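For reference, the structure is listed below as C-alpha cells.
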Number of protein chains: 4
Amino acid sequence: MKAVSKSQIKRDALLKATICLVNNNGFHATPMSKIAKMANVSPATIYLYFKNKQDLANQAYIEVKSSFSNCAFKDFEPNMGVEEGFKKIWMNIATFKLKEVDHAMFLSQCDNTPMIDEESRQEGLKHLQPLIALWERGKEEGLVKPFSPFILYAFTVYPISFLLNTEMKGWCKVDKPALERAYSAAWDAIKL
Amino acid sequence: MKAVSKSQIKRDALLKATICLVNNNGFHATPMSKIAKMANVSPATIYLYFKNKQDLANQAYIEVKSSFSNCAFKDFEPNMGVEEGFKKIWMNIATFKLKEVDHAMFLSQCDNTPMIDEESRQEGLKHLQPLIALWERGKEEGLVKPFSPFILYAFTVYPISFLLNTEMKGWCKVDKPALERAYSAAWDAIKL
Amino acid sequence: MKAVSKSQIKRDALLKATICLVNNNGFHATPMSKIAKMANVSPATIYLYFKNKQDLANQAYIEVKSSFSNCAFKDFEPNMGVEEGFKKIWMNIATFKLKEVDHAMFLSQCDNTPMIDEESRQEGLKHLQPLIALWERGKEEGLVKPFSPFILYAFTVYPISFLLNTEMKGWCKVDKPALERAYSAAWDAIKL
Amino acid sequence: MKAVSKSQIKRDALLKATICLVNNNGFHATPMSKIAKMANVSPATIYLYFKNKQDLANQAYIEVKSSFSNCAFKDFEPNMGVEEGFKKIWMNIATFKLKEVDHAMFLSQCDNTPMIDEESRQEGLKHLQPLIALWERGKEEGLVKPFSPFILYAFTVYPISFLLNTEMKGWCKVDKPALERAYSAAWDAIKL
DNA sequence: CATGAATGAGGCTTCATTCAT
DNA sequence: AATGAATGAAGCCTCATTCAT
C-alpha cells in the first residue's frame with residue numbers, strides 16, 4: 001500500500017514525458033514546453049522539480065538505468081551456475097528491452113549521443129557489476145573465453161539493442177523462438 | 001587525374017565540418033553558423049549547396065554510408081569461400097570503424113537518433129546486400145546458422161560499434177590481438 | 001518597554017532583507033523569493049504585509065528616510081546658533097551615512113534610480129525642513145550665502161554620499177580627521 | 001567629411017536607445033525588446049553589435065564617459081592658472097550635465113547602482129586625471145586645501161549632479177546666474 | 001557564386017503573484 | 001496568519017534561413 005505523494009506523481013509524469021518525447025525527437029529537438037504540456041503542467045513547474053533541462057535528462061537517465069538493472073538481475077543468484085546465470089541475465093535484459101521499449105530506446109539514445117553528463121553516465125555504469133563478476137567466474141572455470149568484459153558485452157548484450165531497433169522499425173518480429181536463436185548466438189560467441 | 005572543382009571542395013568541407021560538429025555536439029546542438037565557420041564559408045553559402053540543415057545531414061549520412069560500404073567490400077570477391085569472405089568483410093568493417101573514427105561515430109549517431117530522414121536511412125540500407133548474400137550461401141552450405149540476417153548482423157557487425165565507443169571513451173584499447181579475439185566471437189556466434 | 005508584536009518583527013525582517021538585497025543587486029534584480037528566504041518567510045507571506053513589490057520598496061524607503069531624519073536632527077535645537085546647528089546636523093548626517101551604511105546606500109540607490117514611486121519620494125522630502133529653516137535664518141543673519149536651498153544642499157550634504165561610496169568601494173578611508181576636513185569644505189562652500 | 005558606416009549608425013542608435021530607456025526605467029526594467037524597438041531593429045540584431053545586455057550597458061557607459069571627459073577638458077590647457085583652469089573644467093562639466101541631460105543622468109545611474117561591470121567602471125575612472133593633476137599643482141602653490149582628491153571632487157563636481165536632478169524634476173531652474181552661484185560655492189569649498 | 005547583415009520564430013528560464021490548504 | 005506549490009507572462013538569447021549587394 002504505497003502512498004504516492006502528489007509531488008512524486010508529477011515528477012514521474014515529467015520524466016515519462018521526457019522519455020517519450022526524447023525518443024521521438026531527440027533531446028535538443030524536444031522543447032521544455034512540450035514536455036510540460038504532455039505532463040499537464042506549466043513550463044515553470046518543471047523547474048520546481050528539476051534544476052534545468054540537462055538535469056531533467058540526467059535524472060531520467062539515472063531512473064531508467066536503475067530500473068533496467070533491477071530487471072536485469074531479477075531472480076539471479078550469484079551462486080548459480082555460470083551458464084544458467086548468464087542465460088537468466090541475458091533473457092532478463094532482452095525481455096526488458098522488448099517489453100519496456102520506451103525505456104530501452106531512451107537508454108540507447110543516451111548512450112550514443114552527447115546528451116547526458118559524463119557524471120550521470122558514470123553513475124549508470126556500475127549497474128552491470130554482477131554480470132562482469134559472473135563472467136570472471138566463468139573464465140576461471142574455463143567456461144568463458146578469456147576476453148575483456150567489453151568484448152563479452154559487445155557480443156552478447158549489446159546486440160539486443162539492434163534487434164530492438166529493427167523490431168521498432170517493423171523490419172522484423174522478435175518472438176520467443178527468435179529470442180532463443182539470438183541467445184544461442186550470444187552464448188556461442190563467448191563460450192569456450 | 002581527377003579535376004576536383006572548387007564547388008566540390010567547398011561541398012566536401014561543409015560535409016566534413018558537419019560530421020565533426022555533430023559528433024561532438026549532436027545534430028540539434030550544432031548551429032549552421034558554426035558549420036559555416038569551420039568550413040570557412042558564409043552561412044548563406046551553405047544554402048547554395050544544400051536545401052536546408054536536414055538536407056545537409058542527410059547528404060552527409062549518405063556520403064559516409066557509401067564510403068563505409070566501399071571499404072566494407074574492398075578486395076571481397078563474391079566467389080570467395082564463405083568463412084574467408086566473411087572474415088574479409090568483417091575485418092574491413094572493423095578497420096573502417098577504428099580508422100575512420102569520425103565517420104563511424106557519425107553513422108552510429110545517425111542510426112541511434114531520429115536525426116536522419118527515414119528515406120535517407122533506407123538509402124543507406126541496401127549497401128549491405130553482398131554480405132547478406134554471402135550469409136545466404138553460408139546457410140545453404142551448412143556453414144552458417146539458419147538465422148535471419150538481422151540476428152546475424154546483430155551478433156557480428158553491430159558489436160564493433162560498441163568496441164569503437166568504448167575505445168573512444170578511453171575505457172579500452174582495441175589493438176590487433178583484441179580485434180582477432182573479437183572476430184572469433186563474431187564467427188563463433190553464427191557458425192554452425 | 002515596547003512590546004513588539006510578532007507581526008512587527010516579520011515586517012521588519014522583510015524590510016531589512018529588502019534593503020540588503022537591493023543594495024547588492026539592485027531593485028529589479030532582487031526577486032521576491034530571495035527576500036522571503038532571507039527573512040525566513042514564505043513568498044506568499046510577503047503579500048500579507050505589503051501590497052506588492054513596489055509597495056515593499058516604497059515602505060522601505062519611507063522607513064529608512066524617516067530613521068535618517070531622526071538621526072539628522074538628534075540633539076539639534078532650533079534655537080542654536082546657525083553655525084553650531086549646521087555643524088551638528090551635518091555631523092549627524094555624516095555619522096549616519098558612515099555608520100548605517102546599509103541604510104545610506106539604500107537611500108542613495110533610491111534617489112538615483114526610478115525605483116521609487118514619485119509619491120513616496122515626495123513623502124521623504126519634507127524631512128529636511130528644519131535644516132532649510134536653519135539656512136533661512138543663516139541668510140537673514142548674513143552668515144550664509146543667499147542661495148537656494150538646493151544649492152546649499154548640493155554643496156554640503158549631498159557630497160557626503162560620494163565619500164560614502166568611495167569608502168564602500170575601498171578607495172579611501174573616511175576617519176575622524178577626514179570628516180573634519182570634509183566639514184570645513186562644506187561650511188566654506190556656503191558661509192558668507 | 002566623415003563617412004559614417006551603416007553599422008556605426010545602427011550601433012549608435014542602439015546605444016542611444018539604451019541610454020534613454022535606462023534613464024527612464026532603470027537597467028533591469030529595460031527589456032532588450034524595447035531597446036530594439038526604439039532603435040528600429042529586431043531584437044536579434046542587437047546581438048550582432050553587442051555580446052549581451054551587460055555588454056550593451058558597459059559599452060554605453062564607456063562611450064558616454066568618454067564623451068563626458070572630452071567635454072570636461074575642452075579648451076583646458078595644463079599650463080593655465082589653477083583657478084582659471086579649475087573654473088573652466090568645472091563650467092565645462094556643469095554645461096555638459098545641464099545640456100546633455102540624458103548622458104548625465106545615465107552616468108549618474110551607472111555610478112550609483114550595480115549595473116556596470118567593475119572593469120568598465122575602472123575604465124571610466126582614468127578620465128579625470130587632468131583635474132586631479134591640476135589640484136595637485138593647486139596644493140603645491142598653496143591655492144587649494146591639502147585634501148584628498150576624493151574630498152575635493154565630492155564638494156565641487158559631485159554636487160552638480162544634484163542640481164541636475166532637481167532641475168530634471170522641475171524643482172528648480174539652473175540658469176546662468178545660478179551656475180555662477182554654484183561655482184562660487186564649489187571654489188570656496190576647496191580654496192585656501 | 002558568394003556573402004555579411006538581418007530577422008522572426010522559438011527555446012530556456014525566472015519571477016511576481018495567487019491559490020488551496 | 002501562514003505557506004508551499006503552481007503558473008502566466010515575460011525576459012534574454014540563439015539560430016535557421018533569407019535578402020541586398
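We use all heavy atoms of the structure for the numbers below, so side chains are in, but hydrogens, waters and symmetry mates are not. If you're wondering where the values come from, they're calculated on a predicted model, not measured in any experiment. Note on naming: letters A, B, ... go to the chains in the order of the sequence lines (proteins, then strands), and numbering restarts at 1 for each one.
A:Ser42 has no side-chain polar atom (N or O) that falls below the 4.0 Å cut-off from OP1 or OP2 of F:dA6. Between C:Lys10 and F:dA2 there is a side-chain N or O to OP1 or OP2 distance below 4.0 Å. Under 4.0 angstrom from either OP1 or OP2 of E:dA2 there lies at least one side-chain N or O belonging to B:Tyr49.
E:dG11 atom P lies 11 Å from atom CD1 of A:Ile35, rounded to whole Å. Rounded to whole Å, atom P of F:dC15 lies 9 Å from atom NZ of B:Lys53. Put simply, CZ on B:Phe50 is 15 Å from P on F:dA16, counting in whole angstrom units. One can place CG of A:Leu56 at 14 Å from C1' of E:dG11, the figure rounded to the nearest angstrom. Residue C:Lys37 contributes atom NZ, which lies 14 Å from atom C1' of F:dT3 at whole-angstrom precision. Atom pair C:Asn40:CG and F:dG4:C1' shows a separation of 15 Å (rounding to whole Å applied). When rounded to the nearest whole Å, the span between CZ of C:Arg11 and P of F:dA1 equals 14 Å. Atom pair A:Ile46:CD1 and F:dT7:C1' shows a separation of 12 Å (rounding to whole Å applied).
For DNA chain E, the stems formed by at least three consecutive Watson-Crick or G-U pairs, with both atom-pair distances below 3.5 Å, span E:2-21 with F:2-21.
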Checklist entry - Passes side-chain contact (heavy atoms from CB on, under 4.5 Å), C:Thr113 versus D:Phe27? Steps please. => result CA-CA 9 Å; C:Thr113 65; D:Phe27 177 64; over 6 Å; no

Next on the checklist: Using the rule given for side-chain contact (heavy atoms from CB on, under 4.5 Å), can you reason through B:Asn112 versus A:Asn165, listing the C-alpha separation, both sets of side-chain angles and the distance that settles it, and then say yes or no?
Outcome noted: CA-CA 9 Å; B:Asn112 284 284; A:Asn165 280 343; 3.9 Å; yes

Checklist entry - Run the side-chain contact (heavy atoms from CB on, under 4.5 Å) check on D:Asp12 and D:Lys16 step by step: do they pass? => result CA-CA 6 Å; D:Asp12 287 350; D:Lys16 190 169 178 184; over 6 Å; no

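Side-chain proximity of D:Pro31 to the nucleotides F:dC12, E:dT3, E:dA6 is greatest for F:dC12. Side-chain proximity of D:Ala44 to E:dG8, E:dC15, F:dA2: nearest is E:dG8. Checking F:dT7, F:dT3, E:dT14 against the side-chain heavy atoms of A:Tyr47 singles out E:dT14 as nearest.
Both D:Val41 and C:Met32 lie near DNA chain E, and the one whose nearest nucleotide falls closer to the 5' end is D:Val41. A residue-by-residue look at D:His28 and B:Pro43 shows that D:His28 has its nearest nucleotide of DNA chain F further toward the 5' end. Across the interface with DNA chain F, nearest-nucleotide mapping of C:Thr45 and D:Phe27 shows C:Thr45 to be the residue nearer the 5′ end.
Using a 4.0 Å cut-off between charged nitrogen and carboxylate oxygen, C:Arg11 and C:Glu63 count as a salt-bridge pair. Between D:Asp111 and D:Lys65 a salt bridge is recorded (basic side-chain N to carboxylate O distance below 4.0 Å).
For A:Met115 against A:Ala57, the heavy-atom pair with the smallest separation is CE-CB, 4.1 Å.
Within a 6.0 Å radius of NZ in C:Lys169, other residues, nucleotides and ligands contribute more than 12 heavy atoms.
For A:Ser33 against E:dG11, a side-chain-to-base donor-acceptor contact under 3.5 Å is absent.
To the nearest 0.5 Å, atoms CD1 (D:Ile35) and OG1 (D:Thr45) are separated by 13.0 Å.
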